[in-house]
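Structure first, commentary second.
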Amino acid sequence: MSNQPSDVELVRDDLAGAAARMSGVSSERVFPYGVLAEFLEEFLKMLCRPSCTLVCAGLTTPEIAIAADKADSKLCEIIGESPFTVDLKVVISAVNEECDVIYVANPNRVSGSCASVKDLAHLAGTVPRGFLIVDETLYDYSGVTGLSLLEDCPNVIILRSFTVPFGIHSSCAGFGITGKRLITNMNDSVQLRSVSKAMRQAIVAAIEDGEATVSRHQEIHDEALRLAVALTHLGVQCRLAAADFLLMRVASPKDAGNFLVAGKVPVDNLDGYPGKKNYLRYRISSRESNDRLLEAFDRMPANYVKMQGFDRRAVSLYRRRATDSTQRAKRRPASLLLSERLREQNLVNLGADK
């Protein structure tokens, strides 16, 4: 009998190594997957007992709901008074059993809301016989991670994307980071869907070109601020997020969205999400593409856009702060950092954030 590894094992080892280099952890703590929804379905089947509930802290994207349904897991979506924050008390109150599974996207992939590491630790302690899934698909844009919890919390698993940090949203390939014992169980129970050779090569190449990745992330943050300032002058209410998208609040999301799409500006209508009435989401792209967004809004009928009053609900988001050579600075909410930069430009109001 041959002891040669199978093609699946070779792919898994290849991607696990790439993920380890990408996140700075041991490859023994990594489980790569080809499609997030399929991985979550099998993972939930492995984790959830019949009486367990999947408690989602914040707005939930369709693939999470579909995975829970296929895994025959009860899903409970929890949002507080504001969809732009993680309301810890409300989430904890929804946990009925210590074996429940809590899912939190950090940052949230719909609203951009962020939880602190302290909040994540509290959630992990709420389900000592269950699990905390921290979806860090957008981690590279916020800098807040739950990786430090893995040493003391064996019930925590971190999810990362191979492709989203590099601006590739057409692929759902990613990886989980957790303790070695859970990785062993996953290797035995969860099937890895095939990832093409071309995609694997693209992932490895992107990871190795670290300088280009850092430059892109800085460009995204700078473009987000530029767009928010310009759109505010056009009367469009905006919310900045510690993510690669900008939220825009308009009078008629259907009409405004159709107008933008007709001008070859792709946007998502979030009107159907709880608490996101009148919101559009624009994924920040190249300066040329972003200029098309501004030009389209400049031509758009005012009744599609302008609203009476502002959305004053709380927002929480975090970004890295630059450090000097002698002392690591404390992290501050990005909303404060951005407001200081806007104040320097003599802008008093930033759309919906005021």
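Note: hydrogens, waters and symmetry copies are ignored here, and every other heavy atom, side chains too, is used. Keep in mind that this is a model prediction, so the values were computed, not measured. Just so you know, residue 1 is the first one in the sequence shown, and it goes up from there.
- Note that CG of Asp135 and CD of Glu63 are 8.0 Å apart. Values are rounded to the nearest 0.5 Å.
- Taking hydrophobic clusters as Ile, Leu, Val, Met, Phe, Trp and Tyr residues chained together by side-chain heavy-atom distances below 4.5 Å, Ile66 does not share a cluster with Leu75.
- Taking 4.5 Å as the limit, every side-chain heavy atom of Arg239 sits out of range of all side-chain heavy atoms of Ser111.
- For the atom pair SG (Cys99) and CG (Leu47), the distance works out to 11.0 Å, reported to the nearest 0.5 Å.
- Contact check for Arg109 versus Val164: no side-chain heavy atoms found under the 4.5 Å cut-off.
- Judged purely by distance below 3.5 Å, without hydrogens or angles, the side chains of Asn290 and Tyr282 pair a donor atom with an acceptor atom.
- The residues Glu151 and Arg29 are annotated as salt-bridged, a charged nitrogen and a carboxylate oxygen being separated by less than 4.0 angstrom.
- Counting non-hydrogen atoms of other residues, nucleotides and ligands closer than 6.0 Å to CG of Asn258 gives a total above 12.
- The shortest heavy-atom contact between Asp140 and Pro165 is OD1-CG, 3.2 Å.
- Annotation: the span from Leu147 atom CG to Thr178 atom OG1 amounts to 10.5 Å, rounded to 0.5 Å.
- Residues Cys52 and Glu97 have side chains not in contact (no heavy-atom distance under 4.5 Å, counting atoms from C-beta outward).
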Before you tell me yes or no, could you show the steps for Phe162 and Phe175 under ring pair (Phe, Tyr, Trp, His ring centres under 6.0 Å), namely the whole-Å CA-CA distance, both residues' side-chain angles and the distance that decides it to 0.1 Å?
CA-CA 7 Å; Phe162 275 124; Phe175 55 96; 4.9 Å; yes

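- Between atom CG of residue Leu225 and atom CG of residue Leu227 there is a gap of 9.0 Å, rounded to the nearest 0.5 Å.
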Full working for side chain to side chain contact (heavy atoms under 4.5 Å, CB included) between Lys89 and Asp87:
CA-CA 6 Å; Lys89 291 182 179 179; Asp87 195 325; 4.0 Å; yes

Give the intermediate values and the outcome of side chain to side chain contact (heavy atoms under 4.5 Å, CB included) for residues Phe297 and Leu260.
CA-CA 8 Å; Phe297 268 112; Leu260 291 169; 3.9 Å; yes

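- Note on Val86: it does not cluster hydrophobically with Phe131, by side-chain heavy-atom contacts below 4.5 Å among ILVMFWY residues.
- Under the 4.5 Å side-chain contact rule for hydrophobic residues, Phe259 and Met307 do not share a cluster.
- Leu159 places a side-chain heavy atom less than 4.5 Å from the side chain of Leu40.
- Across all non-hydrogen atoms, the minimal contact from Gly309 to Gln237 is O-NE2, 2.7 Å.
- The backbone N or O of Ser285 sits nowhere less than 3.5 Å from a side-chain atom of Ser289 that would complete a donor-acceptor pair.
- Looking at Glu41 and Lys45, a side-chain N of the basic residue comes within less than 4.0 Å of a carboxylate O on the acidic one, giving a salt bridge.
- Counting heavy atoms from C-beta on, the side chains of Val134 and Ile157 never come closer than 4.5 Å.
- Shown here for Thr53 and Cys76, the closest heavy-atom pair between the two residues is CG2-CB, 3.9 Å.
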Would you sort out whether Thr60 and Leu54 count as a side chain to side chain contact (heavy atoms under 4.5 Å, CB included), showing the intermediate values?
CA-CA 11 Å; Thr60 307; Leu54 177 64; over 6 Å; no

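- Across all non-hydrogen atoms, the minimal contact from Ala251 to Lys306 is CB-O, 3.5 Å.
- Looking at Ile92 and His122, their side chains come closer than 4.5 Å, going by heavy atoms from C-beta outward.
- A heavy-atom distance below 4.5 Å is not found between the side chains of Glu38 and Tyr33.
- Between Leu120 and Asn106 there is a side-chain heavy-atom pair separated by less than 4.5 Å.
- The side chain to side chain contact (heavy atoms under 4.5 Å, CB included) with Leu132 is formed by just one residue from the set Val101, Asp100, Val55, Val156; it is Val156.
- Checking Asp311 against Tyr279 by side-chain atom types alone, a donor-acceptor pair falls below 3.5 Å.
- With rounding to the nearest 0.5 Å, the separation of CG in Leu36 from CZ in Phe43 is 11.5 Å.
- Lys276 and Asp271 are not joined by a salt bridge, as no carboxylate oxygen comes within less than 4.0 angstrom of a charged side-chain nitrogen.
- Going from atom CG of Leu280 over to atom CG of Leu246 covers 10.5 Å, rounded to the nearest 0.5 Å.
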Could you go through His233 and Asp298, starting from their C-alpha distance and side-chain angles, then the distance that decides it, and tell me whether this counts as side chain to side chain contact (heavy atoms under 4.5 Å, CB included)?
CA-CA 10 Å; His233 281 302; Asp298 192 34; over 6 Å; no

Could you walk me through whether Phe245 and Tyr141 satisfy the ring pair (Phe, Tyr, Trp, His ring centres under 6.0 Å) test, starting with their C-alpha distance in whole Å, then the side-chain angles of each, then the deciding distance to 0.1 Å, before giving a yes or no?
CA-CA 10 Å; Phe245 58 77; Tyr141 302 99; 9.1 Å; no

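- A cation-pi contact links Arg160 to Tyr139, judged by a cut-off of 6.0 Å to the six-membered ring centre and 45° from its axis.
- Closest non-hydrogen pair, Pro128 versus Asn155, comes out as CA-ND2, 4.3 Å.
- Nearest heavy-atom pair, Ala67 versus Ala37, reported as atom, atom and distance to 0.1 Å: CB-O, 3.6 Å.
- Side chain of Asn278 to main chain of Val250: a donor-acceptor pair is present (N/O by atom type, distance under 3.5 Å, no hydrogens or angles).
- Ionic pairing of Glu223 and Arg226 is present here: one or more N-O contacts between side-chain nitrogen and carboxylate oxygen are shorter than 4.0 angstrom.
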